[in-house]
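See structure below.
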Amino acid sequence: QVQLVESGGGLVQAGGSLRLSCAASGLPFSSVNMGWFRQAPGKEREFVAAISWGGGRTYYSDSVKGRFTISRDNAKNTVCLKMNNLKPEDTAVYYCAAQKKSYYIGPLYYTEKYDYWGQGTQVTVPS
């Protein structure tokens, strides 16, 4: 049974930082791509960042590029999202996602490319 458990969300003032973590189990973690998505109230879930199975390739949405950093530790089956210079528009529930297919090479920006999802963690940046 695959489990993705996010942690690290919270309330932070604009300009502050947070570090989200996702602990994965039940899947061949070191061979699958991982991603972070977010969903604000009344909006569709959107891509934030992704990282390849070995960590050598990372991808970011334009809205977070330069402020967020995705990383993974295959020895600990964890993927993290370091968020700096947070803005009110970053307020959302953040979801960790994993692919089922090992060593997949292709676009990682779409929700339908991911097979497993965590329960989400709330990030709030007051305006």
Side-chain angles (χ1 to χ4, degrees):
Q1 180 182 358
V2 175
Q3 283 194 317
L4 302 175
V5 180
E6 301 100 334
S7 60
L11 188 149
V12 62
Q13 297 303 311
S17 299
L18 279 176
R19 186 172 183 267
L20 305 183
S21 295
C22 172
S25 60
L27 76 168
F29 185 80
S30 62
S31 65
V32 298
N33 300 315
M34 299 291 295
W36 285 95
F37 288 75
R38 66 187 182 187
Q39 188 166 18
K43 295 187 176 181
E44 292 188 352
R45 192 168 297 190
E46 66 173 4
F47 171 76
V48 176
I51 188 166
S52 60
W53 61 82
R57 291 176 287 125
T58 56
Y59 307 89
Y60 299 93
S61 68
D62 288 342
S63 61
V64 308
K65 197 174 295 182
R67 300 188 297 122
F68 291 12
T69 303
I70 189 171
S71 61
R72 66 188 297 161
D73 185 337
N74 285 348
K76 297 182 179 179
N77 283 13
T78 58
V79 59
C80 294
L81 185 69
K82 181 65 188 302
M83 306 184 293
N84 294 326
N85 190 21
L86 282 159
K87 304 176 181 180
E89 50 264 42
D90 295 318
T91 295
V93 177
Y94 283 71
Y95 296 91
C96 174
Q99 292 189 318
K100 184 177 182 179
K101 183 176 181 179
S102 293
Y103 307 117
Y104 171 81
I105 296 178
L108 299 178
Y109 309 106
Y110 309 110
T111 57
E112 56 265 30
K113 293 297 183 182
Y114 294 84
D115 303 282
Y116 307 109
W117 295 84
Q119 81 288 349
T121 185
Q122 177 71 46
V123 171
T124 302
V125 187
S127 56

*Any chance the SGs on Cys22 and Cys80 are under 2.5 Å from each other?*
no

Quick check for you: to the nearest 0.5 Å, what is the distance between [X] atom [atom1] and [Y] atom [atom2]?
X: Thr121; Y: Leu18; atom1: OG1; atom2: CG; answer: 8.5 Å
X: Glu89; Y: Ser127; atom1: CD; atom2: OG; answer: 9.5 Å
X: Trp36; Y: Ile51; atom1: CH2; atom2: CD1; answer: 12.0 Å
X: Leu86; Y: Phe68; atom1: CG; atom2: CZ; answer: 5.0 Å
X: Ser71; Y: Leu81; atom1: OG; atom2: CG; answer: 8.5 Å
X: Thr124; Y: Leu11; atom1: OG1; atom2: CG; answer: 5.5 Å

Quick one: does [X]'s side chain get under 4.5 Å of [Y]'s, heavy atoms only?
X: Leu4; Y: Tyr95; answer: no
X: Ser63; Y: Arg38; answer: yes
X: Val123; Y: Leu20; answer: yes
X: Met83; Y: Arg67; answer: no

Single-linkage hydrophobic cluster [X]~[Y], side-chain heavy atoms < 4.5 angstrom:
X: Val48; Y: Tyr116; value: yes
X: Val93; Y: Val64; value: no
X: Met34; Y: Val5; value: no
X: Tyr104; Y: Val79; value: no

*Please indicate whether Glu112 has more than 12 foreign heavy atoms, meaning atoms of other residues, nucleotides or ligands, lying under 6.0 Å from its CD.*
yes

_Over 12 foreign heavy atoms within 6.0 Å of CZ, Arg57_ = yes

Say whether, by atom type as modelled, one donor and one acceptor occur between the side chain of [X] and the main chain of [Y] under 3.5 angstrom.
X: Asn74; Y: Trp53; result: yes
X: Tyr60; Y: Ile70; result: yes
X: Gln99; Y: Lys113; result: yes
X: Gln39; Y: Ala92; result: no
X: Thr91; Y: Val125; result: yes

*State whether Lys87 and Asp90 are salt-bridged, where the test is any N-O pair (Lys NZ or Arg NE/NH1/NH2 against Asp/Glu carboxylate O) under 4.0 Å.*
no

_For the student: nearest non-hydrogen atoms of Ser17 and Lys82, plus distance_ = CB-CE, 4.1 Å

*For Val2 and Gly26, which heavy atoms make the closest approach, and how far apart are they?*
CG2-O, 3.4 Å

*Can you check whether Phe37 and Tyr114 have ring centres sitting under 6.0 Å from each other?*
yes

*State whether Phe29 and Arg72 meet the cation-pi test: NZ (Lys) or CZ (Arg) under 6.0 Å from the six-membered ring centroid, and within 45° of the perpendicular axis.*
yes

